[in-house]
Enquirer: 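Take a look at the following structure, please.
Just so it is clear, the structure is predicted and the values come from calculations on it, not from any experiment.
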Amino acid sequence: MSINQYVETARTVFEIETTGLQDLRNKLDDSFNKACALLSACKGKVVIMGIGKSGHVGRKIAATLSSTGTPSFFVHPAEANHGDLGMITNEDVVIAISYSGETREITSMIPILKREGIQLITLTGNAKSSLAKLADINIDCGVGSEACPLGLAPTTSTTAALVMGDAIAGRTSLRERFLRERFRPLSPRWLVGKTATHSCERCYENGI
């Protein structure tokens with residue numbers, strides 16, 4: 001394969017993932033509003049769950065939420081099934097990420113979460129899946145195709161979930177007017193706050 005062919009392959013990946021994100025943007029509906037309202041009203045912490053690539057995405061979402069004023073942490077579903085579920089209280093909200101919506105390690109916990117009165121938001125690629133149906137709120141993160149050459153490896157779908165997490169964090173950070181003055185102490189040596197060109201204050205004032 002020539003260097004030009006490598007570049008063309010990379011451009012194809014960019015195009016597929018960009019199209020996936022544009023489609024996701026157009027699918028945003030009231031479920032997103034409801035999810036953000038639920039998270040903004042949460043008196044406890046936001047708990048993120050996911051397996052495999054979804055787990056990696058979940059860790060990033062938890063970190064982003066925490067750094068923008070929404071205390072969050074990641075719990076691995078397998079560990080939750082072996083005792084770590086005790087870390088979650090009925091004041092918390094769980095966000096479960098599963099593109100298929102059928103991840104057994106997560107679906108097996110739903111009866112316990114329901115029994116304890118813990119509210120569940122799901123990010124799935126199938127609105128008719130078990131998780132989507134059992135969730136209090138399901139956000140559709142379905143994409144047309146993966147950017148993997150075989151169309152199999154999670155690529156566009158994980159990007160979609162990651163960006164949806166960023167969108168949620170961006171919206172919920174405004175519930176208490178999360179400004180730079182609060183963000184800086186959460187970042188090493190305040191470097192991020194000092195060099196950022198984007199202002200949360202501007203978002204708040206414009207009602208974004």
Side-chain angles (χ1 to χ4, degrees), residues 24 31-32 34-127 129-143 153-155 157-173 175-176 178 182-183 186-188:
L24 184 64
S31 62
F32 180 83
K34 291 177 180 178
C36 290
L38 177 59
L39 293 170
S40 295
C42 177
K43 296 180 180 179
K45 291 181 171 59
V46 177
V47 183
I48 317 291
M49 293 185 180
I51 289 284
K53 305 297 187 298
S54 294
H56 295 307
V57 170
R59 289 181 175 87
K60 193 275 180 183
I61 293 175
T64 300
L65 284 168
S66 292
S67 69
T68 53
T70 303
S72 309
F73 63 93
F74 177 84
V75 173
H76 194 285
E79 299 297 337
N81 277 301
H82 290 274
D84 282 3
L85 200 57
M87 300 167 65
I88 308 172
T89 74
N90 59 12
E91 290 192 334
D92 300 330
V93 174
V94 170
I95 297 179
I97 308 169
S98 169
Y99 192 71
S100 69
E102 301 294 343
T103 303
R104 185 177 58 184
E105 292 88 346
I106 298 178
T107 57
S108 65
M109 290 185 294
I110 304 301
I112 301 173
L113 295 177
K114 294 292 184 181
R115 185 182 67 206
E116 297 298 320
I118 298 168
Q119 293 183 292
L120 174 67
I121 297 170
T122 55
L123 306 185
T124 72
N126 182 0
S129 64
S130 299
L131 271 179
K133 291 178 178 179
L134 293 169
D136 294 288
I137 303 166
N138 177 67
I139 298 178
D140 182 3
C141 292
V143 296
T155 44
S157 59
T158 48
T159 299
L162 187 64
V163 173
M164 187 62 73
D166 286 343
I168 290 170
R171 181 65 258 178
T172 56
S173 69
R175 73 189 190 283
E176 294 179 357
F178 190 75
R182 291 186 58 201
F183 182 77
L186 302 180
S187 304

Enquirer: Starting from the C-alpha separation in whole Å, work towards a yes-or-no answer on side chain to side chain contact (heavy atoms under 4.5 Å, CB included) for Met49 and Met109.
Expert: CA-CA 11 Å; Met49 293 185 180; Met109 290 185 294; 3.3 Å; yes

Enquirer: Determine whether a donor-acceptor pair (N or O, by modelled atom type, separation under 3.5 Å) exists between the side chain of Asn90 and the backbone of Ile118.
Expert: no

Enquirer: Using the side chain to side chain contact (heavy atoms under 4.5 Å, CB included) criterion, which residues pair with Leu162? Sequence neighbours excluded.
Expert: Val57, Lys60

Enquirer: Could you go through the side chain to side chain contact (heavy atoms under 4.5 Å, CB included) check for Met164 and Leu24 one step at a time?
Expert: CA-CA 9 Å; Met164 187 62 73; Leu24 184 64; 3.7 Å; yes

Enquirer: With a 4.5 Å limit on heavy-atom distance, are the side chains of Ile168 and Leu39 in contact?
Expert: yes

Enquirer: Closest heavy-atom contact between Asp92 and Met87?
Expert: OD2-O, 4.0 Å

Enquirer: Mind checking what makes side-chain hydrogen bond (donor to acceptor under 3.5 Å, both in side chains) contact with Thr103, not counting sequence neighbours?
Expert: Ser98

Enquirer: Could you list the donor-acceptor pairs under 3.5 angstrom formed by side chains in residues 129-136, with sequence neighbours left out?
Expert:
{"unit_1": "Ser129", "atom_1": "OG", "unit_2": "Asn126", "atom_2": "O", "d": "2.7"}
{"unit_1": "Ser129", "atom_1": "OG", "unit_2": "Ala132", "atom_2": "N", "d": "3.3"}
{"unit_1": "Ser130", "atom_1": "OG", "unit_2": "Glu102", "atom_2": "OE1", "d": "2.7"}
{"unit_1": "Ser130", "atom_1": "OG", "unit_2": "Glu102", "atom_2": "OE2", "d": "3.3"}
{"unit_1": "Asp136", "atom_1": "OD2", "unit_2": "Leu120", "atom_2": "N", "d": "2.7"}

Enquirer: Holding to side-chain hydrogen bond (donor to acceptor under 3.5 Å, both in side chains), I want the full list of residues that pass it with Thr124, two or more places apart in sequence or in another chain.
Expert: Asn138

Enquirer: For Thr158, give me all partners under side-chain hydrogen bond (donor to acceptor under 3.5 Å, both in side chains), at least two apart in sequence or on another chain.
Expert: none

Enquirer: Is the side chain of Thr155 donor-acceptor paired with the backbone N or O of Ala153 at a distance under 3.5 Å, no angle test?
Expert: yes

Enquirer: Walk me through it: do Leu85 and Leu113 pass the test side chain to side chain contact (heavy atoms under 4.5 Å, CB included)?
Expert: CA-CA 9 Å; Leu85 200 57; Leu113 295 177; 4.1 Å; yes

Enquirer: Using every non-hydrogen atom in the two residues, find where Gly50 and Pro77 come nearest and quote the distance to one decimal.
Expert: O-CD, 3.3 Å

Enquirer: Looking only at non-hydrogen atoms, find the nearest pair between Leu123 and Cys141 and report the distance.
Expert: CB-SG, 4.0 Å

Enquirer: Are the side chains of Ile137 and Leu38 in touch, meaning some heavy atoms are under 4.5 Å apart?
Expert: yes

Enquirer: Could you measure the distance from the CZ atom of Arg59 to the CD1 atom of Ile61? Nearest 0.5 Å is fine.
Expert: 12.0 Å

Enquirer: How close do Tyr99 and Ser54 get, heavy atom to heavy atom, and via which atoms?
Expert: N-OG, 4.4 Å

Enquirer: Kindly state each residue pair satisfying side-chain hydrogen bond (donor to acceptor under 3.5 Å, both in side chains) with at least one member in residues 106-120, sequence neighbours excluded.
Expert: Asn81-Ser108

Enquirer: For the residue pair Ser40 and Thr172, what are the closest heavy atoms and their distance?
Expert: OG-CG2, 4.0 Å

Enquirer: Calculate, to the nearest 0.5 Å, the distance between atoms CG and CZ belonging to Asp166 and Arg171 respectively.
Expert: 15.0 Å

Enquirer: Show, in sequence, the C-alpha distance, side-chain angles and deciding distance for Ile139 and Thr122, and conclude whether the side chain to side chain contact (heavy atoms under 4.5 Å, CB included) test is met.
Expert: CA-CA 6 Å; Ile139 298 178; Thr122 55; over 6 Å; no

Enquirer: Heavy atoms only: give me the nearest Leu65-Ser72 pair and the separation to one decimal.
Expert: CB-OG, 3.2 Å

Enquirer: Quick check against the 3.5 Å criterion: does Thr64 have a side-chain atom that pairs as donor or acceptor with the backbone of Ala62?
Expert: no

Enquirer: Hey, which of Ile121, Thr70, Val94 is the one that makes side chain to side chain contact (heavy atoms under 4.5 Å, CB included) with Val46?
Expert: Thr70

Enquirer: Between Val47 and Phe73, is there a side-chain heavy-atom distance shorter than 4.5 Å?
Expert: yes

